[in-house]
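First the proteins, then the strands, lettered A, B, ... as listed; each starts at 1.
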Protein chains: 2
Amino acid sequence: MPTATAADAALASELRLSVMRLARRLRGQRAATDLGLTHLATLSSLEIHGQMTPGELAAHERVQPPSMTRVIATLEERGLVVREPHPTDGRQVLVQLSDTGREMLKGDRRRRDAWLSQHFADLSPDDLELLHRVAPILERLARAE
Amino acid sequence: MPTATAADAALASELRLSVMRLARRLRGQRAATDLGLTHLATLSSLEIHGQMTPGELAAHERVQPPSMTRVIATLEERGLVVREPHPTDGRQVLVQLSDTGREMLKGDRRRRDAWLSQHFADLSPDDLELLHRVAPILERLARAE
DNA sequence: TATTGTTATACTCTATAACTATA
DNA sequence: TATAGTTATAGAGTATAACAATA
């Protein structure tokens, strides 16, 4: 049935453009913390999953290991994460959120999302409900193989 | 009512992370054309709106004018757009899609969206319906003041 | 030998500031 | 003077390739 495929392609195109434009917009709002999005996402991952190795973080955030090395270096410089040697494998490193990082993350969350939630005011309750239901779907797409 | 605000903030946080992760994922798929996302969005805008000035394109794509200058230069180098002097205002320039650009855009659309629509296979019809309804909302957010 | 992480290097995208040409 | 566009320059983020340390 070619109709379904064509509809999918049209939806893909529309969704893709919207997501990219919104992402670019959101990227512009990061000035409040002066941390990049991968930095913040990395902190969030550490908050959720506890300590992780650089390799795990790289896989989780979908960046290459050298990129994660740099992200971690920046976070460590600012005292937001702590690096510890792995107890049994000398090659590996364990990264975890510092108390400073945890507080910063918590205190900053409201600010980080201020722009977006502020613009929720323009949306109807139905639209908000829709966003609430669709967010996990976008996350699934982002994490798909 | 603090509940609504807290719920909005939580939704904002969730949506923000999902959108950014999906955007990063989509960015990685651009290899097929080796053109950046702003380049492709610019071509799309020209396809939809016809000829536009660099300033209009910059405003539409939410980038600064010098960035759009470079985007246009790349597109012109590849013969995808044509620059013409403005008929009445010597300061302005009109940019429009070339035939090559139009064909490239058309022929490339399927490939560009292949990754995304391919992953629609993992979603239920209900999820797809949700995505269909949410795309314009994301676009509205992206274009909000 | 294979794996984990890092360093060295380069590329892409975007921004701000300064400049040119025209209105 | 003000506006449209461009050029010059810099910064952030990411990638690949080469390297070091450990398993």
Side-chain angles (χ1 to χ4, degrees), chain A residues 20-43 46 51-78 81-96 142, chain B residues 20-43 46 51-78 81-96 142:
Chain A
M20 296 313 308
R21 287 202 181 102
L22 181 54
R24 185 156 60 227
R25 201 67 192 282
L26 287 168
R27 202 178 313 138
Q29 303 310 125
R30 73 167 176 233
T33 82
D34 94 327
L35 277 178
L37 294 150
T38 303
H39 297 79
L40 293 168
T42 300
L43 289 176
L46 289 173
Q51 59 185 18
M52 298 171 77
T53 66
E56 286 170 342
L57 283 167
H60 201 256
E61 301 309 326
R62 303 264 178 196
V63 297
Q64 293 302 308
S67 301
M68 185 50 68
T69 292
R70 292 192 50 176
V71 168
I72 293 169
T74 299
L75 295 176
E76 192 181 28
E77 271 173 24
R78 305 196 184 199
V81 302
V82 179
R83 290 161 36 105
E84 290 176 14
H86 191 285
T88 64
D89 187 335
R91 297 171 303 181
Q92 295 188 54
V93 174
L94 290 175
V95 184
Q96 62 179 28
Chain B
M20 295 313 309
R21 287 202 181 101
L22 181 53
R24 185 156 59 226
R25 199 65 191 282
L26 287 167
R27 201 180 313 138
Q29 305 307 126
R30 76 171 177 228
T33 81
D34 96 329
L35 276 178
L37 294 151
T38 304
H39 296 80
L40 294 167
T42 300
L43 289 176
L46 289 173
Q51 60 185 15
M52 298 171 77
T53 67
E56 286 170 342
L57 284 168
H60 201 256
E61 301 307 328
R62 302 264 178 196
V63 296
Q64 292 301 308
S67 301
M68 184 50 68
T69 292
R70 294 195 49 179
V71 169
I72 293 168
T74 300
L75 295 175
E76 191 181 28
E77 270 173 24
R78 305 195 184 199
V81 301
V82 179
R83 290 161 35 105
E84 291 176 13
H86 192 285
T88 64
D89 187 336
R91 297 170 305 179
Q92 296 190 53
V93 174
L94 289 174
V95 184
Q96 62 180 27

Under a 4.5 Å cut-off applied to non-hydrogen side-chain atoms, are B:H60 and B:M52 in contact? yes
Residues two or more places apart in sequence or in another chain: which of them pass side chain to side chain donor-acceptor pair (under 3.5 Å) with B:R83? none
Under the ring pair (Phe, Tyr, Trp, His ring centres under 6.0 Å) test, residues paired with B:H39 that sit two or more places apart: none
Decide side chain to side chain contact (heavy atoms under 4.5 Å, CB included) for A:E84 and A:Q96; before the verdict, give the C-alpha distance in whole Å, the side-chain angles of both, and the deciding distance to 0.1 Å. CA-CA 8 Å; A:E84 290 176 14; A:Q96 62 179 28; 3.5 Å; yes
Evaluate the criterion side chain to side chain contact (heavy atoms under 4.5 Å, CB included) for residue pair B:T53 and B:V93; output intermediate values, then yes/no. CA-CA 5 Å; B:T53 67; B:V93 174; over 6 Å; no
Supply the atom-to-atom distance B:H86 NE2 to B:T88 OG1, rounded to the nearest 0.5 angstrom. 4.5 Å
In residues 51-59 of chain B, what residues come within less than 4.0 Å of DNA chain D, judged by heavy atoms? B:T53, B:P54, B:G55
Report yes if the side chains of A:R78 and A:L35 come closer than 4.5 Å at any heavy-atom pair, otherwise no. yes
Beyond-backbone contact of A:V63 with A:L57, side-chain heavy atoms, under 4.5 angstrom: no
Close side-chain approach of A:E61 to A:T42, heavy-atom, < 4.5 Å: yes
In whole angstroms, how far is the C1' atom of D:dT9 from the CD atom of B:Q64? 16 Å
Listed in order of residue number, which residues of residues 71-78 of chain B have a non-hydrogen atom at under 4.0 Å from DNA chain C? none
Report all interatomic pairs (protein N or O, nucleotide N or O of nucleotides 20-23 of chain D) with separations under 3.5 Å.
{"unit_1": "D:dT22", "atom_1": "O3'", "unit_2": "A:G90", "atom_2": "N", "d": "3.4"}
{"unit_1": "D:dA23", "atom_1": "OP1", "unit_2": "A:G90", "atom_2": "N", "d": "2.8"}

Counting only side-chain heavy atoms from C-beta out, which of D:dA17, C:dA15, D:dA4 sits nearest to B:S67? C:dA15
For A:T38 and D:dT14, is the shortest distance between a side-chain N/O and OP1 or OP2 below 4.0 Å? yes
Nearest whole angstrom, please: distance from the C1' of D:dT14 to the NE2 of A:H39. 11 Å
Whole-Å distance between D:dA12 C1' and A:L40 CG? 14 Å
Anything under 3.5 Å between a donor and an acceptor, one on a side chain of residues 66-76 of chain B, the other on a protein residue two or more places apart or in another chain? List them.
{"unit_1": "B:T69", "atom_1": "OG1", "unit_2": "B:P65", "atom_2": "O", "d": "3.2"}
{"unit_1": "B:T74", "atom_1": "OG1", "unit_2": "B:R70", "atom_2": "O", "d": "3.1"}

Could you please spell out the steps behind the side chain to side chain contact (heavy atoms under 4.5 Å, CB included) verdict for B:V95 and B:V82? CA-CA 6 Å; B:V95 184; B:V82 179; over 6 Å; no
Round to a whole Å and report the spacing from CD of B:Q92 to C1' of D:dT6. 14 Å
Please state whether the base of D:dT14 and the side chain of A:R70 form at least one donor-acceptor pair under 3.5 Å? yes
Report the end-to-end axis angle of the helix from C:dT1-D:dA23 to C:dA23-D:dT1; each axis comes from five terminal pairs, and the value is rounded to 10°. 10°
note: A:L37, atom CG; D:dG13, atom P; distance rounded to Å ~ 8 Å
